[in-house]
Amino acid sequence: MRIEARDPRQRYWVQSTKRELEGKLGTTFSLSNGMLGLRGAHEECPDWGRPEFYVAGTYATGPASLLGFHDPDHILTHPQRMTPQALEAATDNSIQTLPNLPFPIALTIDVDGQRFAFDTHKVLSAERLLEIDGARMRRTLVFRDDDARRTRIDSQRFVSMADPHLICLRADLRRLNHEAPVALNGTLHETVANTNDVPLWTPGARIATDSLRGIECITAGSNISIALVQCQRVINRGDNIAIELFAIAGTMSLAEAQRQAEAACERGFAACAFDHQAAYEQLRRETRVEFDGNPSTVQGFNFGQMHMHMALSPIAEQTGIPIKGLTGHGYRFLTFWDMDFHMFPYYLLTQPHRARKLLEYRYNQLPLYRANAKRWGAQGAQVPWETNTRGEEETAPWLCLQEREIHISADAAHMFMRYAAITGDESVIRDMGAEFAFETARFYASRLTWDAARERYELPDIGCPDQYHTFADNNVFISLMAQWNLAYAAGLFAQTDYAPIADRIGVNSEEAATWRSMAEQLFIHETNADGIVEQNDGFFELDRDLGGICETYCSHSQAVKQPDVLAAFIPFEARYPREIRRKNWHYYNARTLHGSSLSLPGMAYAAARCGLNDEALYNLHASCRMDLDDVNLDTERGVHVSGGAVEWYTVVHGFGGLDVTSEGLALRPNLPRQWSRLAFRVHWHHQPVDIEITREGVEVSVGTDQPCAVPVRIGDGAWVEIEAGGNIKEKTL
Ligand code: IFM
């Protein structure tokens, strides 16, 4: 027998029968292809096993009182400050989430007519292994019955990257010390519910044959019909007893799901697994990142990359990217700024074709964003802080963020500009981006106030991304984003190409001129005498004593959830010299509680970009371990997917020293002293570019997917055009 060592960088293994860990393990072993999301629950679905299965975009409506807006996500609430508009939203039927559907690859195991159950048998071993490089989970279960018979099941499962509706499982059974008759069977485990035991679907039609079972699930409130069909093939040859399950799920007819399940079954597990593996390998090639850091950092990093791959749905133009992908019910599968500001730039550089879907998602919802602005007494289009396929604001009203967390409108508009710059495809601005940016500029224009005494515009009454300070004025990050949006829209208006769009939605030169002067006169906090940027008005005067601070008792102090000033350095780095960025990093590091999962990777990125490499590595490591080690004790609610994107920036932009602009790729490598190699692939104008950085030098190789050359600059050197298929090498910088 061949013995293979487990590579900890690509394998994550847990042996546990502790019930209290099932929530966390269900998340860390979850698999998805963006369309279907399957948690890592045991196939026998014990009551405490948290079997959960979700289908993208199939939101059900449930009573707010039962579901809770967020479960305990946010503890910093302000019910006394809710506006009447916000209260209106807290009606009984305003809550949406994805229903937890029947577990599609459930299994029954009988030994001598006795059904195995975790509660009635002695479980000797329960191991789960995640193959990160294969997006596949393996499980080994050994149990003993009352007659001391020991039986072992080895299963493997994947959610197909080749077929968006397919999930496969193969389980092999071995009798370890007996020859009793055994039976393996597939089943659809229907005793499932959402948070607080609320069921969010009802059964419709059913089908069943000896080898196949199917059910139509009708979502509560929204009446979406989801077909779920499982087809099985049992292999029973002497000692070789195995079962293969093929589950098809989606918004299709039961007959169609049956046809697809039978076709998969006909092909068999090995063939379906081959297709899945080939598709996933292709994706990994296009998005390759390798570095020789601490294996546990690399493991967490690779885990984060796998979830970035699994989160992007084939129908992302309808669904966007739910913040925890389809890995858990936390945040009710809503989209936040994580998608626009954090995830999108990652997809843009790694899978630009798919990234475009996120632009379509925002643009498709533009009419709803216009209505949202009106609701808050603003003009133009206001992107809801949290939303889903229906494009409405879904944020819990008692957070008071709906009308205040307004940077998300500019975060979304920024995506269109970046897409055009990096792909060279201006059609997105003509087709979507100009209209979007005009409407979001209108929105900011309606939110600014003129301070006649100081002769400047201000942006009052906003909620900082650092949600420990929800009632603030002139937050530097938000004001910079608003300023960018106003100036960008005024710039587009000045280009004749976009005149028909401006005409269509009634933007005239007077309005565009107002945007320009607002951008020019908008107050932005500059650095003080010590080089520190004040996050928002009055921040420096807040209490510096952080003793006894906790999430519910901190808004009077300088404690921040995540540092907004450092977030502002991402798009606006050029404004701030490196020394200033370093000073601010230290200042805000001392005040950051990391209440948000975006905080650690953000700190890592900001540190790496100003050469604080040890600090960057420390934060990168902690961020990469966020879910695998349950750093914030909330992994059971789903994977913190967007952390994976910011970890990628830390490695590629921070340590790789890569800047990607419309001019081309500029590289100023900054390898941590602990690493000897970093290699990655990015795309510019849809052309793949491979970059390899070692202690000896840098090599840049341009692919041949497109005929175009790629301009590259290394260090302070000149720009060089590298032809398709060409490469350059530079010795140590
Ligand atoms: O978008 C973030 C936010 O910044 C802080 N709360 C969690 C959200 C989802 O990751």
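Along the sequence shown, the residues carry numbers beginning at 1.
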Can you measure from CZ (F303) to OG1 (T28) and round to the nearest 0.5 angstrom? 6.0 Å
Backbone N/O of A249 and side chain of H165: donor-acceptor pair under 3.5 Å: yes
Partner residues of R39 under the salt bridge (Lys or Arg N to Asp or Glu O under 4.0 Å) criterion, sequence neighbours left out: E52
Is a donor on one side and an acceptor on the other found under 3.5 Å between the side chain of D630 and the backbone of L633? yes
Judged by atom type as modelled, is there a donor-acceptor pair below 3.5 Å linking the side chain of T327 to the main-chain atoms of K324? yes
Once side chain to side chain contact (heavy atoms under 4.5 Å, CB included) is applied, do any residues pair with E636, and if so which ones, sequence neighbours excluded? R50
Holding to salt bridge (Lys or Arg N to Asp or Glu O under 4.0 Å), I want the full list of residues that pass it with D163, two or more places apart in sequence or in another chain. none
Evaluate side chain to side chain donor-acceptor pair (under 3.5 Å) for H329 paired with N194, printing each intermediate quantity in order. CA-CA 8 Å; H329 57 71; N194 277 66; over 6 Å; no
Applying side-chain hydrogen bond (donor to acceptor under 3.5 Å, both in side chains), name anything that partners Y361, two or more places apart in sequence or on another chain. T335
Picking from R174, R170, R138, R139, what satisfies salt bridge (charged side-chain N to carboxylate O under 4.0 Å, His left out) with D154? R174
Just by distance, no angles: are the side chains of S30 and T27 close enough, under 3.5 Å, to form a donor-acceptor pair? no
Tell me, yes or no, whether the heavy-atom count around E179 atom CD, taken from other residues, nucleotides or ligands under 6.0 Å, exceeds 12. no
Charged N-O contact under 4.0 Å between R149 and D145: yes
Under the salt bridge (Lys or Arg N to Asp or Glu O under 4.0 Å) rule, what do R390 and E394 come out as? Steps first, then yes or no, please. CA-CA 10 Å; R390 66 176 171 175; E394 305 281 337; 2.7 Å; yes
Begin from the C-alpha positions of Q96 and R332 and carry the test side chain to side chain donor-acceptor pair (under 3.5 Å) through to its verdict. CA-CA 7 Å; Q96 287 213 324; R332 297 186 287 111; over 6 Å; no
Taken to the nearest 0.5 Å, the spacing of L228 CG from M252 CE works out to 10.0 Å
Is it true that a side-chain atom of Q15 and a backbone atom of S125 form a donor plus acceptor pair closer than 3.5 Å? no
Does H189 have its ring centroid less than 6.0 Å away from the ring centroid of F103? no
Residues at least two apart in sequence or cross-chain that pass salt bridge (Lys or Arg N to Asp or Glu O under 4.0 Å) with R213, listed by chain then number, are none
Taking only residues two or more places apart in sequence, or in another chain, which ones meet Q10 in a side-chain hydrogen bond (donor to acceptor under 3.5 Å, both in side chains)? none
By side chain to side chain contact (heavy atoms under 4.5 Å, CB included) - contacts of S427 (at least two apart): R356, D425, R430, D431
Could you tell me the separation between the CG atom of D411 and the NE2 atom of H342, rounded to the nearest 0.5 Å? 8.0 Å
Restricting to non-hydrogen atoms, name the atom on L166 and the atom on L36 that form the minimum distance, rounded to 0.1 Å. N-CD1, 3.8 Å
Of all the heavy-atom pairs spanning Y59 and T219, show the shortest one and how long it is. O-OG1, 4.2 Å
Any carboxylate oxygen within less than 4.0 angstrom of a Lys/Arg side-chain nitrogen, looking at K18 and E22? no
Identify, with sequence neighbours excluded, every residue that meets side chain to side chain contact (heavy atoms under 4.5 Å, CB included) alongside R19. W48, D119
Under a 4.0 Å N-O cut-off, is there an ion pair linking R152 with D172? no
For E266, is the CD atom crowded, meaning more than 12 foreign heavy atoms sit under 6.0 Å from it? no
Going by salt bridge (Lys or Arg N to Asp or Glu O under 4.0 Å), name the residues that satisfy it together with D705, two or more places apart in sequence or in a different chain. none
Spacing of CZ belonging to F301 relative to CD1 belonging to I132, to within rounding of 0.5 Å: 11.5 Å
Give the C-alpha distance, both sets of side-chain angles, the deciding distance and a yes or no for side-chain contact (heavy atoms from CB on, under 4.5 Å) between I321 and I323. CA-CA 6 Å; I321 305 180; I323 220 52; over 6 Å; no
Are R128 and F29 in a cation-pi contact, defined as NZ or CZ under 6.0 Å from the six-membered ring centre and within 45° of the axis? yes
Please answer whether the main-chain N or O of T395 pairs with a side-chain N or O of E393 as donor and acceptor at a distance below 3.5 Å. yes
Going by salt bridge (charged side-chain N to carboxylate O under 4.0 Å, His left out), name the pairs with one or both residues in residues 187-210, residues two or more places apart or in two chains. E190-R206
With T58, which residues qualify under side-chain hydrogen bond (donor to acceptor under 3.5 Å, both in side chains), at least two apart? none
Compare all side-chain heavy atoms of L184 with those of V234 and state whether any distance is below 4.5 angstrom. no
More than 12 non-hydrogen atoms from neighbouring residues, nucleotides or ligands closer than 6.0 Å to CZ on R681, yes or no? yes
Would the number of heavy atoms belonging to other residues, nucleotides or ligands and lying under 6.0 Å from CG of D47 be above 12? no
Does any part of the side chain of I218, heavy atoms only, come nearer than 4.5 Å to the side chain of W201, both counted from C-beta? no
Inter- and intrachain pairs under ring-ring contact (aromatic ring centres under 6.0 Å, His included), touching residues 211-240, at least two apart: none
D110 and R115 ion-paired at < 4.0 Å: yes
Output the distance between atom CH2 (W337) and atom OG (S642), rounded to the nearest 0.5 Å. 9.5 Å
Checking N364 against Q318 for the side chain to side chain donor-acceptor pair (under 3.5 Å) test, could you report, in this order, the C-alpha distance in whole Å, the side-chain angles of both residues, the deciding distance, and whether it holds? CA-CA 8 Å; N364 291 343; Q318 295 165 41; over 6 Å; no
CA sep, side-chain torsions, deciding dist, call: R259, E256, salt bridge (Lys or Arg N to Asp or Glu O under 4.0 Å): CA-CA 5 Å; R259 191 193 64 72; E256 175 56 21; 2.8 Å; yes
Is there a side-chain contact between L349 and W648 (heavy atoms, below 4.5 Å)? yes
Could you tell me whether R9 and D133 have a side-chain N and a carboxylate O separated by less than 4.0 Å? no
Tell me the closest heavy-atom pair linking A162 and D275, and the distance in Å. CB-O, 3.6 Å
Option among F158, F274, F246 that satisfies the ring pair (Phe, Tyr, Trp, His ring centres under 6.0 Å) test with F269: F158
Ring centre gap for F436 and F416 strictly below 6.0 Å: yes
To the nearest 0.5 Å, atom CG of L358 lies from atom CG of L312 at 6.0 Å
Candidate pair Q351 and H683, rule side chain to side chain donor-acceptor pair (under 3.5 Å), full reasoning: CA-CA 7 Å; Q351 304 160 59; H683 294 76; over 6 Å; no
